[in-house]
Amino acid sequence: MRGLLCASRVRARGKTTVITHRVKYLIEERDINPAQILVVTFSKAASAEMRERFEIITGGKRLPVRFGTFHSLFFQVLRAAYNYGAKDIITPSLKRRFLEESLMETEYDDIEDKKEFLEEIEKEISRIKGEGIDIANYYSAMCPEEIFRQIYTGYQGRVQKNHYLDFDDMVTYAYELFCKRPDILASWQKRFRFILVDEFQDINRLQYENIKMLALPENNLFIVGDDDQSIYGFRGAKPDIMLSFPRQYQGLSQVTIGTNYRCREQILAAASKLIANNRKRYKKELTASRGKGDAVHVAQFGNMVSQADAIVDKIRSCLDGGTAPDEIAVLFRTARQMNVFSRKFMEYNIPFVMKDAIQNVFEHWVAKDLLTYIGMAQGDRSRRSFLKIANRPKRYLSRAAFAAEEISFGSLYEYYRDKPYMCERINNFQNDLFAMREMTPYSALDYIYNVIGYRDFLLEYGAERNVNPKDWEEVADEIKEDASGFDTVQEWLGHIEEYGRQLEERQRHADDRNASDGKKENGIALMTMHASKGLEYEIVFIPDVNEGAVPYRKSVESGDIEEERRLLYVAMTRAREQLFLSFTTQRFHKDAEPSRFLKEIGGCIK
């Protein structure tokens, strides 16, 4: 009864229907005990939806079929073996505290943004556990390997000492238990003789190994997924697992759903032409059930601001024409791209919702450095400001030179009075600040970046830490781009303050509303392509379809072009009626090229 169902872009409820009717068939037609059926997926919401739909098609019967997530399943296994309880699952705040304490033990202080650093370390730890990687063979992208190993072992030691589990431990501990205790594994195999897995393309290696062991010896596995939607490589999910399934289970039945129930024909044709360029995939012929519809629109703009203005105008036109705000989405490759649009939406008072939290770019350490320079050009002489940027770029100014809370350049000259070469550096520093005083915000930032040498500092800082400084340069570019619309520093700083206030207020309002009535705000959806998976909208906009953005620069550098193509495919197929792609000829005042993916779509666009 092994089965593989390639649900090639049916709607989420279409795949849910396949699984629920399969379970109904097993019970009613094959006389299988419901308690021996396990249905596994990745989220509580998907699991709850499947149970609800199953009860509808079985006339409201409360049959003992086990619907649950991978983590809930493996937690159940560990609870039975080791007496774990809900209180033993580590909370996000405690997890962050353990990571911070482990970092402090290393005495590694070469970090500008601790929050961002720990978030990335947390992702790396999750990947190590999910893929079963030996820590001795792992090289972190965030810090030297010895530091990472100290953080990892310190964190894991705290978790184990306090008898806690994080979500990844549930998978790894269950794997170790099954390998060491065949008697325990056998009891679970007898309990769940029929296993159905949803969204199989998202499975990682250890999750799959656990499921394979549970399915033995009968191998009654039924999996549903779409390899073209495997977009979580950073979590360890690879399409190779799904593609190798037929080789591992000889004689299985494979069914491809060839009908797409969401997209108009021309949207589906464009997306299909794009994804056909991937080599690692099942080939499929898809048919749209909803008719031809409009061709996919592709627009070219001179820069990111004109692109945002045009998209906002189009959205306002759609709203005036009667389209509901929650039927429109703007999808981005990275959360940082949302900043330009969130500012525009606030400016025009257009309602919007964010599934991803927008990070205020002005809170980034690079932005704070640049704003400190701007403040000092306007007269700020605080010790804090001097210490922040005095050696960015290196001027070799000693911390001891900044003894008072307010620092004058006269005191610096006095401190270095017997070192003429240092006095010359101080003089250049003072002259640079004076030169910036009357500049426009953009000119001042460009002066800091290119004349004072802040860009050289970023390059040197990255080289010292073996980190690619491109991300930092992009932050600086975004800050300059934002400043280009203002004539005075005062106006720009007022805009930054107001944007931060509105962003904070909007997030607080959304949190309060969700906490009070559970209802989500109604507005245009701004979200990343990753967050859009499983959702659908009447109208979808995908901006910045440029090289370096889509596909994303980091993925190009690491060779993950096929996953980038799958990601755009997922984003495109969120649209039911209309799809708008756009690119710019300049990004951050630099020449930009349209994405290679637009060429691959070719004749399917207008």
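For reference, positions follow the sequence shown, starting with 1. These numbers come from a predicted model, not from an experiment.
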- prompt: What orientation do Phe67 and Phe54 show, parallel under 30°, tilted 30 to 60°, or perpendicular over 60°?
  reply: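 Tilted, since the angle between the ring planes falls between 30° and 60°.
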
- request: Applying salt bridge (Lys or Arg N to Asp or Glu O under 4.0 Å), run through Arg565 and Glu600 and close with a yes or a no.
  value: CA-CA 10 Å; Arg565 196 175 280 113; Glu600 293 174 0; 2.8 Å; yes

Regarding [X] and [Y], does a basic nitrogen lie under 4.0 Å from an acidic carboxylate oxygen?
{"X": "Lys292", "Y": "Glu265", "answer": "no"}
{"X": "Glu145", "Y": "Arg149", "answer": "no"}
{"X": "Arg566", "Y": "Glu563", "answer": "yes"}
{"X": "Glu481", "Y": "Arg587", "answer": "no"}

Within the 6.0 Å centroid threshold, strictly below: [X] and [Y]:
{"X": "Phe70", "Y": "Phe42", "result": "yes"}
{"X": "Tyr208", "Y": "Phe200", "result": "yes"}
{"X": "Phe341", "Y": "Phe332", "result": "yes"}

field: Test ring-ring contact (aromatic ring centres under 6.0 Å, His included) applied to Tyr138 and Tyr152, step by step
entry: CA-CA 11 Å; Tyr138 185 79; Tyr152 178 88; 8.9 Å; no

query: Got Val39 and Arg66 here, is their nearest side-chain heavy-atom distance under 4.5 Å?
result: no

message: We want to know whether Gln248 and Lys212 form a side-chain donor-acceptor pair, criterion being a heavy-atom distance below 3.5 angstrom.
response: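 There is such a pair between these side chains.
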
